[in-house]
Amino acid sequence: MMNRIILPTDFSENALHAIRYCHEIFTGEQVEWVLLNTFGADLYTSAATMGLRADSAVMDEYHEMSMGKLQKLREQLQEEYRQEGFTYDLVSRYDFLPDAINFLIAQKPVYLVAMGTQGATGAKELFFGSNAVRVMEVVTQVPILAIPERSPAVVPRKIALATTYTDLPVHSQLDVLTAMADRFDAEITMIHISEEVHLSDKQKKFRDRMQENLSKYDPALYTLAHKKVDKAVAEYIESTNTDILALISRKHSFFKSLLKKSVLKDLGYHSKIPLFVMHHQ
């Protein structure tokens with residue numbers, strides 16, 4: 001079965017690093033890579049303005065330049081990886097990135113969206129980082145793999161699933177995570193993050209269901225009681241050499257389940273390892 005994976009790119013080094021990371025971990029698989037470049041949103045920030053400009057000759061010129069860069073990127077990847085199981089679809093759209101991704105998902109089933117996410121260390125990086133977080137918030141039909149520029153392209157051996165035991169992930173999205181664990185014989189652990197050590201009856205039920213869903217991996221359970229979620233997670237990652245951090249988000253209040261605030265934005269900006277974001281049932 002060929003998996004369709006969307007790889008957004010702005011042709012930056014960060015985006016190329018994320019693309020290469022995915023090519024490395026999916027080497028030997030049957031993959032249809034969708035190289036996606038969107039343009040216009042950085043020039044015209046409102047949807048109304050974008051609509052007025054959509055038919056302009058300037059946009060035609062941007063589209064032509066975008067497609068030219070996508071073709072060069074495809075040639076570069078084909079030369080680097082030479083995988084018979086890899087095919088490439090080039091998509092250039094005048095659109096906001098999350099909307100473009102959702103459009104592609106509606107057209108044809110997608111297995112995963114994988115993209116780079118930069119740290120908040122400058123205007124360009126902050127824009128792209130914010131863009132990545134927005135994709136995680138708005139694109140809910142498939143899981144998102146967000147890959148920091150500092151993340152080494154290593155075989156994932158340890159995957160940590162951060163949860164407050166208040167939500168369960170969509171089964172099909174959890175299947176993508178477990179398929180990755182199976183492919184690399186990776187262990188999965190569950191880390192509970194909360195200011196309170198004790199669980200409510202509802203949380204215990206969610207914990208037990210998650211354990212049941214992951215029973216073949218016999219996941220170890222850890223509790224991180226800390227007021228600063230990003231700091232607690234970072235310390236756990238460092239001490240355990242975790243390779244991928246998996247998270248469950250909520251559609252309308254992104255990652256509100258962690259201490260009831262949107263801390264995933266901090267994790268997205270400061271994490272050194274990929275974030276695998278699933279959405280709740």
Open item on the list: Could you check whether any side-chain heavy atom of L70 comes within less than 4.5 Å of a side-chain heavy atom of S92, counting everything from C-beta outward?
Closed with: yes
- [ ] Look at the rings of W33 and F26 and say which category their plane angle falls in: under 30° parallel, 30 to 60° tilted, over 60° perpendicular.
- [x] perpendicular
Open item on the list: To check you understand the geometry: which heavy-atom pair defines the closest contact between R207 and L221, and what is its length?
Closed with: CD-CD1, 4.1 Å
TODO: Would you check if I144 and V139 make a side-chain contact, meaning some heavy-atom pair closer than 4.5 Å?
DONE: yes
TODO: Determine yes or no for a side-chain-to-main-chain donor-acceptor pair under 3.5 angstrom, with Q173 supplying the side chain and T140 the backbone.
DONE: yes
Task: Gap separating the CD1 atom of I191 from the OG1 atom of T223, nearest 0.5 angstrom - done: 10.0 Å
- [ ] Could you tell me the separation between the CZ atom of F86 and the CG atom of L77, rounded to the nearest 0.5 Å?
- [x] 9.5 Å
TODO: Name all residues meeting the side-chain hydrogen bond (donor to acceptor under 3.5 Å, both in side chains) criterion together with T240; count only those two or more places apart in sequence or in a different chain, and write none if there are none.
DONE: T242
Task: Beyond-backbone contact of H171 with N213, side-chain heavy atoms, under 4.5 angstrom - done: yes
Task: side chain to side chain contact (heavy atoms under 4.5 Å, CB included) between I159 and D243, intermediate numbers included - done: CA-CA 6 Å; I159 300 172; D243 298 309; 6.0 Å; no
Task: Contacts of Y21 that satisfy side-chain hydrogen bond (donor to acceptor under 3.5 Å, both in side chains) - sequence neighbours left out - done: none
TODO: Please check if atom CD in Q211 has more than 12 non-hydrogen atoms from other residues, nucleotides or ligands closer than 6.0 Å.
DONE: yes
- [ ] Can you measure from CD (Q78) to CD (Q76) and round to the nearest 0.5 angstrom?
- [x] 11.0 Å
Open item on the list: Is any side-chain heavy atom of I147 closer than 4.5 Å to one of H17?
Closed with: yes
TODO: Give the minimum heavy-atom separation between T178 and D175, together with the two atoms involved.
DONE: OG1-O, 3.0 Å
Task: Verdict with supporting geometry, L73 and I19, side chain to side chain contact (heavy atoms under 4.5 Å, CB included) - done: CA-CA 10 Å; L73 177 59; I19 290 170; 3.9 Å; yes
Open item on the list: For a salt bridge (charged side-chain N to carboxylate O under 4.0 Å, His left out) check, start with the C-alpha distance between R93 and D99, then their side-chain angles and the critical distance, and finish with the verdict.
Closed with: CA-CA 10 Å; R93 284 186 62 83; D99 296 338; over 6 Å; no
TODO: Would you check if the distance from the ring center of Y62 to the ring center of Y94 is below 6.0 Å?
DONE: no
Task: Side-chain ion pair, R134 and E137, N-O less than 4.0 Å - done: yes
Task: Any donor-acceptor N/O pair, H279 side chain to M136 backbone, under 3.5 Å - done: yes
Task: Donor-acceptor side-chain pairing of N14 and S12 below 3.5 angstrom - done: no
- [ ] Check side-chain hydrogen bond (donor to acceptor under 3.5 Å, both in side chains) between R74 and all other residues, then give those that pass, not counting sequence neighbours.
- [x] none
- [ ] Can you run down the side-chain hydrogen bond (donor to acceptor under 3.5 Å, both in side chains) pairs that involve residues 101-115, sequence neighbours left out, and say none if there aren't any?
- [x] E32-K108
TODO: Measure the shortest side-chain to side-chain distance between I6 and L112 over non-hydrogen atoms and say whether it is less than 4.5 angstrom.
DONE: no
Open item on the list: Using every non-hydrogen atom in the two residues, find where A100 and D95 come nearest and quote the distance to one decimal.
Closed with: N-OD2, 3.6 Å
Open item on the list: Looking at every heavy atom in both A160 and Y236, which two are closest together, and how far apart are they?
Closed with: CB-CE2, 3.8 Å
- [ ] Return the orientation label for the H192 and Y165 ring planes: parallel under 30°, perpendicular over 60°, tilted otherwise.
- [x] parallel
Task: Audit row: V135, I101, side chain to side chain contact (heavy atoms under 4.5 Å, CB included) steps and yes/no - done: CA-CA 8 Å; V135 168; I101 293 173; 3.8 Å; yes
TODO: Any pair with a residue in residues 17-28 that passes salt bridge (Lys or Arg N to Asp or Glu O under 4.0 Å), sequence neighbours left out, goes on the list, sorted by first then second residue, please.
DONE: R20-E80
Open item on the list: Taking the basic N atoms (NZ, or NE/NH1/NH2) and the acidic carboxylate oxygens, is any pair closer than 4.0 Å for D185 and R157?
Closed with: no
Open item on the list: I need the I5 CD1 to L7 CG distance, nearest 0.5 Å.
Closed with: 7.0 Å
- [ ] Check whether any side-chain heavy atom of I244 sits under 4.5 Å from a side-chain heavy atom of F184, and report yes or no.
- [x] no
- [ ] List for me each residue that meets side-chain hydrogen bond (donor to acceptor under 3.5 Å, both in side chains) alongside E29, sequence neighbours excluded, and say none if there are none.
- [x] R183
TODO: Would you give the length of the straight line joining atom CZ of F276 to atom CD1 of I248, rounded to the nearest 0.5 angstrom?
DONE: 11.0 Å
Task: side chain to side chain contact (heavy atoms under 4.5 Å, CB included) assessment of L168 paired with M210 - done: CA-CA 7 Å; L168 294 173; M210 280 299 300; 3.4 Å; yes
Open item on the list: Within the 3.5 Å criterion, strictly below it, is a donor on S66 or N37 matched to an acceptor on the partner's side chain?
Closed with: yes
Open item on the list: Using the rule side-chain contact (heavy atoms from CB on, under 4.5 Å), only one of D89, V142, V31 pairs with R4; which is it?
Closed with: D89
TODO: State, yes or no, whether a side-chain contact exists between Y222 and M190 at a heavy-atom distance under 4.5 Å.
DONE: no
Open item on the list: Counting C-beta onward and ignoring hydrogens, is there a side-chain heavy-atom pair between V176 and M278 closer than 4.5 Å?
Closed with: no
Open item on the list: With a 3.5 Å distance limit and no angle check, can you tell me whether Q83 reaches the backbone of G28 through a side-chain donor-acceptor pair?
Closed with: yes
TODO: Compare every heavy atom of P8 with every heavy atom of A114, then report the nearest pair and how far apart it is.
DONE: O-CD, 3.1 Å
Task: Gap between atom CD of Q203 and atom CG of D208 - 0.5 Å precision - done: 11.5 Å
